[in-house]
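Note sheet for the following structure.
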Amino acid sequence: GRPARVSVQLHPYGQGRKLLLSRDVTAVEQAEAMRRDFVANVSHEIRTPLTVLTGFIETLQTLPLEQADRTRYLGLMGQQGARMQTLVNDLLTLSRLEGSPAPGAGEWTPVGALTAQCEQEGRALAQVLGKSHELRFDPAPEVEVAGAQAELLSAMSNLVSNAVRYTPAGGAIHVQWRLLADGGAEFAVRDTGPGVAPEHIPRLTERFYRVDRSRSRETGGTGLGLAIVKHVVQRHGGELRIASAPGAGSTFAIQLPASRLRPAVRPPAETAR
Ligand code: ADP
């Protein structure tokens, strides 16, 4: 990497003596550059829908419009509002994940319940986007993973949502849990979508990194989904694995660690009435 840059300062210290202070400023400068990039990205993401919104407001205020046009403009304005809402929600999720300690031990979540909810959200999204995929969810194993339910669900749902959004109509999505040899568990989402070229793969979890900006936007993407997934998985001591190639589809998988698995407790059988 780059050689470290060192800042040296001489501070007056006692009777005519000087204290030599030195520190590596490379890391500080890098952090500062990342912060600037982030602020620039957020501003850009917000500016676009805001420009559309203010434009339409002006049009509605100044032009005599037919009712049909008014309705259409208001619909478009609603879309831009929703877009900003999603962006702000994702930003808040990220900042919560970064600023809070990892979830404490002791919270266990049955993967069956997570998967059911994830499936419901995935099917709803496919319907909203009018996608006619084959969307297959295999039955989840009867185990629990350690972790906060809402966080784990948001990571899983982000992967399913990406598969639904990026896979063209007529494609197939397959969602499946697998128990690993070391006792861990893997949640994998496989799709027959466009795939991702190798040079992009390491960067997909960066905030606002998108292979195709307009494709992401069209389908309601914020560019923050995989950054959220990465944070959640890291906090749980797990790993995000990506296998993808252009034209060959993608598999995004979350591996959760071994020692945290235990069989799910079956609910007591319902008493007959
Ligand atoms: P976005 O909101 O843009 O989807 P993400 O962080 O979820 O943001 O994903 C980052 C980028 O990774 C996407 O813009 C897209 O280019 C790529 N990507 C993510 N999932 C898939 C997928 N299943 N198939 C193809 N490309 C994907």
Side-chain angles (χ1 to χ4, degrees), residues 34 37-38 40-42 44-46 48-49 79-80 82-98 118-119 121-126 128-129 131-137 151-176 186-235 239-255:
M34 275 177 70
D37 274 359
F38 181 65
N41 276 325
V42 171
H44 180 79
E45 294 297 324
I46 290 176
T48 310
Q79 275 173 20
Q80 298 301 321
R83 175 165 179 71
M84 283 198 284
Q85 210 158 35
T86 311
L87 177 65
V88 170
N89 285 342
D90 279 357
L91 284 169
L92 285 173
T93 301
L94 255 185
S95 104
R96 255 199 314 272
L97 287 173
E98 287 171 345
C118 182
E119 176 169 0
E121 290 177 13
R123 293 200 186 282
L125 180 66
V128 168
L129 296 178
K131 291 279 181 95
S132 56
H133 294 127
E134 181 198 338
L135 188 50
R136 179 151 65 95
F137 281 76
E151 274 185 34
L152 292 172
L153 180 64
S154 91
M156 292 162 60
S157 294
N158 265 303
L159 296 187
V160 172
S161 142
N162 281 351
V164 168
R165 289 168 40 231
Y166 292 108
T167 304
I173 295 163
H174 185 192
V175 181
Q176 160 179 64
E186 181 188 83
F187 174 79
V189 181
R190 197 165 70 225
D191 67 49
T192 59
V196 179
E199 66 269 23
H200 293 294
I201 292 180
R203 302 199 58 190
L204 294 184
T205 56
E206 288 173 21
R207 300 145 156 188
F208 297 115
Y209 190 85
R210 296 136 153 161
V211 178
D212 180 343
R213 192 163 283 271
S214 62
R215 166 96 77 10
S216 161
R217 286 241 180 80
E218 268 164 31
T219 57
T222 60
L224 296 173
L226 290 177
I228 291 174
V229 174
K230 190 181 103 183
H231 272 286
V232 170
V233 174
Q234 272 177 354
R235 281 155 64 82
E239 219 180 300
L240 170 67
R241 301 208 164 189
I242 305 172
S244 187
S250 310
T251 302
F252 287 79
I254 294 170
Q255 294 194 341

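Values reported hereafter were calculated over all heavy atoms of this structure, with side chains retained and with hydrogens, waters and symmetry mates removed. Each ligand, and each atom within it, is numbered from 1 in the order the structure gives.
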### Message
To check your reading of the model: name the closest protein heavy atom to atom 21 (C) of ligand 1, its residue, and the distance in Å.
### Response
Y166 CD1, 3.6 Å
#### Entry: Polar atom proximity, Y209 to ligand 1 (N or O, under 3.5 Å)
no
#### Entry: Basic-acidic side-chain contact under 4.0 Å: E218, R165
no
### Message
Test your reading of the structure: does F252 have an N or O sitting under 3.5 Å from an N or O of ligand 1?
### Response
no
### Message
Could you check whether any side-chain heavy atom of R207 comes within less than 4.5 Å of a side-chain heavy atom of N41, counting everything from C-beta outward?
### Response
no
#### Entry: Candidate with minimal heavy-atom separation from atom 3 (O) of ligand 1, of S216, G221, G249
S216
### Query
Quick one: are Q79 and R83 in side-chain contact, heavy atoms under 4.5 Å?
no
### Shortest protein heavy-atom distance from atom 16 (O) of ligand 1, along with the residue and atom involved
V211 N, 3.1 Å
### Heavy-atom pair of closest approach, residues L97 and R235
O-NH1, 3.0 Å
## Note on the structure
d(T167 OG1, R190 CZ) to nearest 0.5 Å is 12.0 Å
### Task
Can you spot which of N89, D90, T86 makes a side chain to side chain donor-acceptor pair (under 3.5 Å) with T222?
D90
#### Entry: Proximity flag R165 to ligand 1, non-hydrogen atoms under 4.0 Å
yes
### Heavy atom of the protein closest to atom 9 (O) of ligand 1 (residue, atom name, distance)
L226 CD1, 3.6 Å
#### Entry: Where ligand 1 meets R210 - atom numbers and elements under 4.0 angstrom, heavy-atom basis
3 (O), 14 (O)
### Task
Would you please determine whether L204 falls within less than 4.0 Å of ligand 1 on a heavy-atom basis?
yes
#### Entry: Per-atom contacts, ligand 1 versus T222 - under 4.0 Å to a heavy atom
2 (O)
#### Entry: Short N or O distance, V196 and ligand 1, threshold 3.5 Å exclusive
no
### Query
Between V229 and ligand 1, which residue portion shows a heavy-atom distance shorter than 4.0 Å: side chain, backbone, both, or neither?
neither
## Note on the structure
Of all protein heavy atoms, the one nearest atom 23 (N) of ligand 1 is D191 OD2, 2.8 Å
### Message
I need the minimum non-hydrogen distance between S157 and E121, along with the two atoms involved.
### Response
OG-OE1, 2.8 Å
### Task
Could you tell me whether the side chain of S244 and the main chain of G249 form a donor-acceptor pair under 3.5 Å?
yes
### Atom pair CZ (R210) and CZ (R217), whose distance is rounded to the nearest 0.5 Å
5.0 Å
### Query
Numbering the atoms of ligand 1 from 1, which are under 4.0 Å from a heavy atom of S250?
24 (N)
#### Entry: Any N/O pair G223/ligand 1 closer than 3.5 Å
yes
### Query
Taking C-beta and beyond as the side chain, do F187 and V233 meet within less than 4.5 Å on heavy atoms?
no
### Message
Considering non-hydrogen atoms of the protein only, which is the closest contact for atom 19 (C) of ligand 1, and what is the distance?
### Response
N162 ND2, 3.6 Å
